[in-house]
Amino acid sequence: MTVIALAGDLLVTRGLSAHTGELAPVPSCVRAADCGFGNLETLLHDFQFPPMPASGGTWLRSPPAAAQELKVLGFSLVSLANNHA
């Protein structure tokens, strides 16, 4: 039997793997699965290119190091094709 851990929107904007609060059980739950999957609801970049002058909302952005953070948390698959891509 294959066990898949599914998460909704992932908005990782800072380190979470060392978190000791209410999110502390999440990494062990995801790591225990054969596959961790979530929707990366943000772009990974360091503003290499300037954003549009007006976003119509907000700029969802995570530092590129967030990809490694997701790996440490146990996620092996993320979807990227969404309305922020």
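Every heavy atom of this structure was used, including side-chain atoms; hydrogens, water molecules and symmetry mates were not. Please read these numbers as outputs of a predicted model, since none were measured by experiment.
Note: the hydrophobic cluster containing Leu70 also contains Leu80 (ILVMFWY, side chain heavy atoms under 4.5 Å, direct or indirect links).
Summarising the geometry of Leu44 relative to Ala66, their closest heavy-atom pair is CD2-CB, 3.8 Å, with the distance given to 0.1 Å. The shortest non-hydrogen separation linking Ala5 to Cys29 is CB-O, 4.5 Å. Gly36 approaches Val30 most closely through the heavy-atom pair CA-CG1, 4.0 Å. The minimum heavy-atom distance linking Val12 with Glu69 is given by the pair CG1-CG, 4.1 Å. Smallest separation of non-hydrogen atoms from Ala7 and Phe75: CB-CE2, 3.7 Å. Closest approach of Arg31 to Gly74, counting heavy atoms only: CG-CA, 3.9 Å.
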* List the steps and the verdict of side-chain contact (heavy atoms from CB on, under 4.5 Å) for Thr2 and Cys35. => CA-CA 8 Å; Thr2 301; Cys35 175; 5.7 Å; no
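Listed for the Ser62 side chain is no donor-acceptor partner under 3.5 Å among the backbone atoms of Thr42. The closest donor-acceptor contact from the side chain of Asp34 to the backbone of Val3 lies under 3.5 Å.
In summary, of the residues considered (Asn39, Val78, Leu73), a side-chain contact (heavy atoms from CB on, under 4.5 Å) with Leu10 occurs for Val78 alone.
Proximity of Ser79 to Leu40: side-chain heavy atoms (C-beta onward) are nowhere separated by under 4.5 Å. Residues Phe37 and Ser76 have side chains not in contact (no heavy-atom distance under 4.5 Å, counting atoms from C-beta outward). Side-chain contact between Asp46 and Arg61 is present, with at least one heavy-atom pair separated by less than 4.5 Å.
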